[in-house]
Amino acid sequence: MARTTANGNLKLYLNQNGLKCEDIKRNGYHNRRQKNGPGTGVASRQPRQESFEQAPMYVAVMTYLGFGIVTLFGYLRDFLRAVGLEKCHLAQEREEQKDFVPLYQDFENFYTRNLYMRVRDNWNRPICSLPGPVFDLMERVSDDYNWTFRLTGGTIHNAINMGSYNYLGFAENNADFLKTVADKTRQYGVGVGSTRQEIGNLGIHEELEQLVANFLRVESSMTFGMGFATNSMNIPALVGKGCLILSDELNHTSLILGARLSGALIRVFKHNNMHSLEKMLREAISSGQPRTHRPWKKILIMVEGIYSMEGSLVRLPEIVALKKKYKAYLYLDEAHSIGAVGPTGRGVTELFNVNPSDVDVMMGTFTKSFGAAGGYIAGKKELVDYLRSHSHSAVYATAMSPPVTEQIIRAMKCIMGKDGSTEGIRRIHKLAENTRYFRARLKEMGFIIYGNDDSPVVPILLYMPGKVVAFAREMLERKIGVVVVGFPATPITEARARFCLSAAHTKAMLNQVLHHMNEVGDHLCLKFSRLKYSSCPNLHDEKDFELGS
């Protein structure tokens with residue numbers, strides 16, 4: 001009876017808002033749970049819906065056609081270079097080394113040589129100011145179709161920054177806020193010049209590690225000077241030969257590199273798909289290692305809190321349930337989620353109300369929400385003590401710079417309210433407000449966007465290679481800095497622009513961006529969504545009603 005009532009309420013809600021259930025199925029709209037098949041029977045505490053709308057068929061056809069055309073022209077230009085009709089700007093072997101094994105793999109660089117170089121002006125733009133909510137860019141031009149650039153001496157002032165990971169706005173130059181950072185710079189200098197295990201262990205390093213442990217509500221933590229190395233150098237210390245890593249297919253390169261360096265066997269499960277993950281766990285337990293069928297020494301599940309290209313959130317409660325069920329370990333990368341989600345900025349564990357002790361290895365970076373650099377590993381004291389002596393990043397890397405360390409401390413104290421103000425909580429709430437407002441307005445305009453409604457990473461699907469280039473150039477003409485991403489960083493049919501919201505963005509800034517987005521979207525025909533959105537509350541999945549009943 002409860003199920004019938006819930007379904008009836010859902011249909012009534014849909015009809016009141018101008019949507020029908022059959023319209024959703026026909027238009028290809030689905031949330032992540034529907035796309036990824038059956039779950040584990042564990043009720044997800046995901047607070048808002050996660051949409052991955054499919055584009056119309058003609059968009060995929062035009063995208064493939066566009067890549068086909070530019071590929072054909074690429075082969076033509078390679079032919080012209082080979083016969084000497086076009087100048088070759090590429091790195092080439094010297095004549096006396098023609099009989100050597102080639103140092104430069106020519107064909108492997110086909111995409112870079114013929115596609116990327118022609119549109120390279122949309123990337124690596126030189127910035128000449130603080131990467132805050134607005135920034136300045138140095139003007140540059142190319143006289144040889146983007147093979148080389150020269151600066152004009154001009155500057156594009158006050159462009160709205162929609163690409164930096166400055167989620168809480170701590171990448172700032174307010175002298176009052178940065179007073180303690182300046183004091184530590186005068187006291188310790190800029191560089192340490194030694195590793196932590198030699199003479200580079202400062203008091204502020206230990207203060208930061210204790211603060212991180214308190215913030216995450218775990219026993220201990222360890223910090224590192226580089227976020228990428230936090231993953232790539234620590235995973236090999238945790239797993240090795242005879243171990244199994246189950247990695248989400250959309251994990252970051254640092255996780256992938258760390259897994260490969262470890263020597264463990266790697267198996268990839270479909271993104272956020274609990275059915276795929278559980279199937280692999282069952283096979284691993286029942287079959288054991290290849291050939292010998294001995295039990296695995298360890299099974300490590302590796303996931304991210306927020307996936308930076310999709311804007312999706314990890315299904316943490318369900319993964320924790322599977323981890324406990326099959327006696328596996330869980331490695332959680334919160335590079336984009338720590339500080340950015342959760343009522344007090346403590347990441348996805350707080351957002352989903354998951355006990356931090358249920359996550360075996362908590363990893364995060366200070367490069368996003370904290371406006372600094374470096375990363376951390378946190379968890380039980382035994383884990384951290386083990387890594388202090390076994391991690392290459394801990395033993396051989398130079399200690400974190402004192403000004404950077406103090407910047408992280410002052411940002412984290414602000415978030416926790418230990419500075420005596422409510423500024424940190426205000427920024428967390430402002431980020432959440434900006435995120436939901438920006439996502440809702442883009443949906444109303446007709447853009448296809450990916451990810452969870454709580455994710456400050458907002459991917460807008462552009463699909464066709466020509467539209468990606470035109471979009472980036474049009475937005476810069478309107479003094480808005482955006483990041484565009486295409487193949488091979490994304491699937492070939494899912495090129496996109498990635499917007500990153502910040503607490504430092506004002507409502508006026510967002511409205512200005514949305515105004516230009518609306519115009520550019522109409523001009524370039526980028527509004528591919530076939531759904532009609534309103535300002536009413538988000539739809540709920542029928543499974544939520546079933547689980548609740």
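Predicted model only: the values in this text are computed from it and were never measured. Sequential numbering from 1 along the given sequence is applied to the chain's residues.
Electrostatic pairing of Arg410 and Glu172 counts as a salt bridge here, judged by a charged N lying under 4.0 Å from a carboxylate O. By the 4.0 Å N-to-carboxylate-O rule, Glu207 lies close enough to Lys413 to be salt-bridged with it. In summary, Lys368 and Glu334 do not engage in a salt bridge, as defined by a charged side-chain N under 4.0 Å from a carboxylate O.
Taking the six-membered ring where tryptophan is involved, the planes of Phe438 and Phe499 are tilted, since the angle between them lies from 30° to 60°. Between Phe215 and Phe370, the ring planes lie perpendicular to each other; the angle is over 60°, past the 30° to 60° tilted range.
For CE of Met62, the number of neighbouring non-hydrogen atoms (other residues, nucleotides, ligands) closer than 6.0 Å is 12 at most. Surrounding NE2 of His523 are at most 12 heavy atoms belonging to other residues, nucleotides or ligands under 6.0 Å away. When the shell of 6.0 Å around CE of Met138 is examined, it contains 12 or fewer heavy atoms from other residues, nucleotides or ligands. For Arg426, the CZ atom counts as densely surrounded, since its 6.0 Å shell holds more than 12 non-hydrogen atoms of other residues, nucleotides or ligands. In Tyr396, the OH atom is not crowded: 12 or fewer heavy atoms of neighbouring residues, nucleotides or ligands sit closer than 6.0 Å. The local environment of CD in Glu477 is sparse, with at most 12 non-hydrogen atoms from other residues, nucleotides or ligands closer than 6.0 Å.
His205 and Glu209 share no side-chain donor-acceptor pair at under 3.5 Å. Checked by atom type, the side-chain pair Tyr167/Asn434 shows no donor-acceptor distance below 3.5 Å.
For Arg120 and Phe149, the positive end is not near the middle of the six-membered ring at less than 6.0 Å and at most 45° from its axis.
Counting only distance, with no hydrogens or angles, the side chain of Arg427 and the backbone of Leu168 share a donor-acceptor pair below 3.5 Å. Side chain of Arg217 to backbone of Pro356: no donor-acceptor contact under 3.5 angstrom is found. Between the side chain of Arg439 and the backbone N or O of Tyr450 there is at least one donor-acceptor pair closer than 3.5 Å. Panel note: side chain Arg315, backbone Asn272; a donor-acceptor pair is recorded below 3.5 Å.
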Check against side-chain contact (heavy atoms from CB on, under 4.5 Å), Arg346 and Leu216: CA-CA 6 Å; Arg346 286 177 166 85; Leu216 298 175; 5.6 Å; no
Verdict with reasoning, Arg436 to Asp454, per salt bridge (Lys or Arg N to Asp or Glu O under 4.0 Å): CA-CA 7 Å; Arg436 292 164 188 165; Asp454 285 311; 2.7 Å; yes
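Considering Tyr111, Trp123, Trp147, Phe110 in turn, Trp123 is the only one that fulfils the ring-ring contact (aromatic ring centres under 6.0 Å, His included) rule with Tyr116.
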